[in-house]
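Data first, discussion second: the structure below is written as structure tokens.
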Amino acid sequence: MATQEHINTARRQLEHLRDHHQDDVLALARLVEAGALKGPAGDRLAADLRSWDHAVKDLFTRALSLLDTLTPDAR
């Protein structure tokens, strides 16, 4: 079983990864939207980025919610 310290460490790591992901995806989306890739390919990439961002945010939300269900070991 995980101790409360393990759970807190996992939460901090997940939150760090979530924030890092958000920063990277936003930077890439801004490049595409600013015209770095034009035409249908740029439009497809922008749509894919939005879909990917949404899916990864859901993944982090579910992972963080799972941590809330854990009962820490009293060790």
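Below, each value reflects all heavy atoms present in this structure, side chains not excepted, and no hydrogens, waters or symmetry copies. The first residue in the sequence is number 1, and the count goes up from there.
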Please name the pair of heavy atoms, one in L70 and one in P72, separated by the smallest distance, quoted to 0.1 Å. O-CD, 3.6 Å
What pair of heavy atoms forms the shortest contact from V32 to G42, and how long is it? CG1-O, 3.5 Å
Set of salt bridge (Lys or Arg N to Asp or Glu O under 4.0 Å) partners for D58, sequence neighbours left out: none
Is the closest basic N to carboxylate O distance between R44 and D48 below 4.0 Å? no
Thinking salt bridges, do K38 and D43 make one under a 4.0 Å N-O criterion? no
What is the distance from atom [atom1] of [X] to atom [atom2] of [Y], rounded to the nearest 0.5 Å?
X: L45; Y: W52; atom1: CG; atom2: CH2; answer: 11.0 Å
X: L49; Y: L26; atom1: CG; atom2: CG; answer: 10.0 Å
X: N8; Y: Q4; atom1: CG; atom2: CD; answer: 4.5 Å
X: L67; Y: T69; atom1: CG; atom2: OG1; answer: 7.5 Å
X: R11; Y: L66; atom1: CZ; atom2: CG; answer: 10.5 Å
X: R62; Y: L14; atom1: CZ; atom2: CG; answer: 12.5 Å

Is the backbone of T3 close enough, under 3.5 Å, to the side chain of H6 for a donor and an acceptor to pair up by distance? yes
Criterion side chain to side chain contact (heavy atoms under 4.5 Å, CB included) on R18 and V56, from CA distance to verdict: CA-CA 8 Å; R18 179 195 61 200; V56 173; over 6 Å; no
Hydrophobic cluster membership, with links at side-chain heavy-atom distances under 4.5 Å among I/L/V/M/F/W/Y: are L59 and V25 in one? no
Over 60° means perpendicular and under 30° means parallel, so tell me whether F60 and H21 are parallel, tilted or perpendicular. tilted
